[in-house]
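The structure appears below as structure tokens.
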Protein chains: 2
Amino acid sequence: MQQVADEAGVSRTTVSFVLNNTPNVNISAATRARVWQAVANLNYARTFAARSLATGRSQTVAFILRQVPDELLVNGFLGGLLSGVTQAISADNYRLLFEAVGHDASAGAYTELVRTQRVDGLIISGPVVDDTELRDLHRESVPIVVNGKPDFEELYSVDVDNVASARTAVQHLIDLGHRRIAHITNGPLNYTASSDRLEGYRQALLNAGLPCEDRYIQINPTFTDQGGYEAMRHLLDLPERPTAVFAASDVVAFGAIRAIQEAGLHIPADISIVGFDDIPLASYLAPGLTTIHIPVVQLGVRAGEMLMQLIQGDPPVPHRVLLETRLVIRHSTAPLRES
Amino acid sequence: MQQVADEAGVSRTTVSFVLNNTPNVNISAATRARVWQAVANLNYARTFAARSLATGRSQTVAFILRQVPDELLVNGFLGGLLSGVTQAISADNYRLLFEAVGHDASAGAYTELVRTQRVDGLIISGPVVDDTELRDLHRESVPIVVNGKPDFEELYSVDVDNVASARTAVQHLIDLGHRRIAHITNGPLNYTASSDRLEGYRQALLNAGLPCEDRYIQINPTFTDQGGYEAMRHLLDLPERPTAVFAASDVVAFGAIRAIQEAGLHIPADISIVGFDDIPLASYLAPGLTTIHIPVVQLGVRAGEMLMQLIQGDPPVPHRVLLETRLVIRHSTAPLRES
DNA sequence: GCGCGTTACTAAACCGCGTTACTTTTCACT
DNA sequence: AGTGAAAAGTAACGCGGTTTAGTAACGCGC
């Protein structure tokens, strides 16, 4: 920096002011130009660590993905989320640190990032319930935004309305005349996305005056297509086979579809199926999957924006943002065939 | 740190030695324990920026994805790659900075990360040809590993053998008796993955003594399913329709399949199709897509490992690692039907 | 021609927080 | 008394941010 100052014929202070565009300082346009020219001539760039040390900011946010490697492979959302978050934070010249953490929430997996001041805030995708680590950090006023339903009220979050969306999906099946409607969860029930979608399924059935039977509810513990496959196998073995299935994620639906087709049944003639997520490739499945569309990129953008506001000490209102979903009707659902 | 030293009744120097587990220093087990206890009592964590400033290392590598947001959405590889890289670098306690850069290679998009010492090395996924920025950085001995074919020889890289793999895919079609085999590229030809797969297609045809006709080669400029769809439409309009298609990516194949099915034709009865990539959901397409399987996670792991070696001043041999692919035969290919 | 307030800087010092090389002390053991 | 291990202590970095005090030139009004 001293060299730049010498080259431009100014002081180090002036160089710092120019580079930071510090407000309330008077520096002539000519001098500013000389400084920038010197910076260019010397190919100078300020060391990130030094700036960070001096300012107390890391200009970095962590994107914490609570998934194990296996799940990561079939995560159709990742690209969209990352893209959205990156867009939102790049405006403030922030960068993104990617971190995948398993479900076991081992001690301080991401707390360290905050405590060493490596990141200024956290975006957490898919937290488990009872995440005490998260609660403690929030109590210490660490900027945190959750993608999904937060564990406790005060946490900032961006999500879709899983209950309402699931209700819409199931209502669609009811409207088509189906009565024996099964449900396969997208993951274990300690994940709120899973339990909320199950709740939406229940509500839709009850609203329609239909029974909600445990035998038609399959808890898939894995988030994977394989889990959907196995769950569907169980459903197909029931004496009174369901005529429609609400699979709480597209990936799970893919597994279920395979099971159905392997059993020699046809979609939607024999069984209708609705997914959830509308991952980019859902429309290429034959038959095209009817599903709930989630605005993935927007989820990322809003989360990024909220986090930046928190970091800048300007708490966003409201705490919890719910983005709209919509039912995309393709060809995996059809009216109940009287038999 | 001084407080920790006081609490443990030792000097700051000793605390540093203990925390770093510095070799060639003699510190008794009892003292080490006292230091750790003090760290725990005070809930102390060293500031990342200060360490980075003192050591000259950022313990961070950048993962640079050369894709625009739209492409990101349909990138089935991202999860696997990130997972692999993260695994490989976490052993050395490194973290990953995610950065998406478009194709226009605007000035210094990632050079800044290096020059400000924000990262110690770069992993670049899908570079364009003629990336002078990359060349300059490599000349300055910046640790760089490319996922894909590098622009110039000396660059370190991990890739699959696109030429050979494409040859295998096309050979499979030839073995099934097909003669009119079309090709849809996965992207523009300035991407080496695209031009190499085209080259493999050419070689397979030539080896078999078959003509290689331009009309059967469709350059898809977008990397997307939509591009595959449009390319296939052109192929279907040809007077002598191809009986088989080699689509250079699964996503492109999905688009092509839609075009084929919309035209009222059947796969594989009327047209066989082979993809490339074997993205996790490729098997769920009906009919299951025959494709070239790429070991995605391994690509990430090897890239991460090589980069860590470079950072530690231990240049990996060889420069260029080619991972094996394999043909996965599902149900989108069948013997040529005599007609 | 004087006084006064701006404007446009400079100089110097301190700060943030560990790392690391080098010197010195303490103390147990032979 | 001599030796080596186990530390303590000191101080110099690394690099930019920020503040304080001060200087010099300039314009303006009267």
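Proteins come first, then strands; the chains are lettered A, B, ... in the order of their sequence lines, and each starts at number 1.
Looking at residues 35-45 of chain B, you'll see that no heavy atom sits under 4.0 Å from any atom of DNA chain D. Of the residues in residues 47-56 of chain A, A:Ala50, A:Leu53 come within less than 4.0 Å of DNA chain C through at least one heavy atom, sorted by number. Listed by residue number, the members of residues 11-22 of chain B with any heavy atom below 4.0 angstrom from DNA chain C are B:Arg12, B:Thr13, B:Ser16, B:Asn20.
Remark: the A:Thr116 side chain and the B:Arg51 side chain contain no N/O donor-acceptor pair separated by less than 3.5 Å. Checking A:Ser11 against A:Thr14 by side-chain atom types alone, a donor-acceptor pair falls below 3.5 Å.
Remark: B:Ser52 engages no residue in a side chain to side chain donor-acceptor pair (under 3.5 Å) (not counting sequence neighbours). Listed by chain and residue number, nothing satisfies the ring-ring contact (aromatic ring centres under 6.0 Å, His included) test with A:Phe48 (two or more places apart in sequence, or in another chain). Checked against ring-ring contact (aromatic ring centres under 6.0 Å, His included), B:Phe152 has the following partners two or more places apart in sequence or in another chain: B:His138. In this structure A:Ile89 satisfies the side-chain contact (heavy atoms from CB on, under 4.5 Å) test together with A:Val61, A:Val85, A:Tyr94, A:Leu96, A:Met308, sequence neighbours excluded.
Two end axes, each from the C1' atoms of five base pairs, can be drawn for the helix from C:dG1-D:dC30 to C:dT30-D:dA1; they diverge by 30°, to 10 degrees.
Sorted by first and then second residue, the salt bridge (charged side-chain N to carboxylate O under 4.0 Å, His left out) pairs involving residues 84-102 of chain A (not counting sequence neighbours) are A:Arg95-B:Glu99, A:Arg95-B:Glu112, A:Glu99-B:Arg95. Counting only residues at least two apart or in different chains, salt bridge (charged side-chain N to carboxylate O under 4.0 Å, His left out) contacts with residues 296-317 of chain A comprise A:Arg302-A:Glu305. Applying the salt bridge (charged side-chain N to carboxylate O under 4.0 Å, His left out) rule to pairs touching residues 25-37 of chain A yields nothing, sequence neighbours excluded.
Not one side-chain nitrogen or oxygen of B:Asn26 sits closer than 4.0 Å to the OP1 or OP2 atom of D:dA5.
Protein chain A contacts DNA chain C over a range whose 5' and 3' limits, counting nucleotides with an atom under 4.0 angstrom from a non-hydrogen atom, are C:dA8 to C:dC17.
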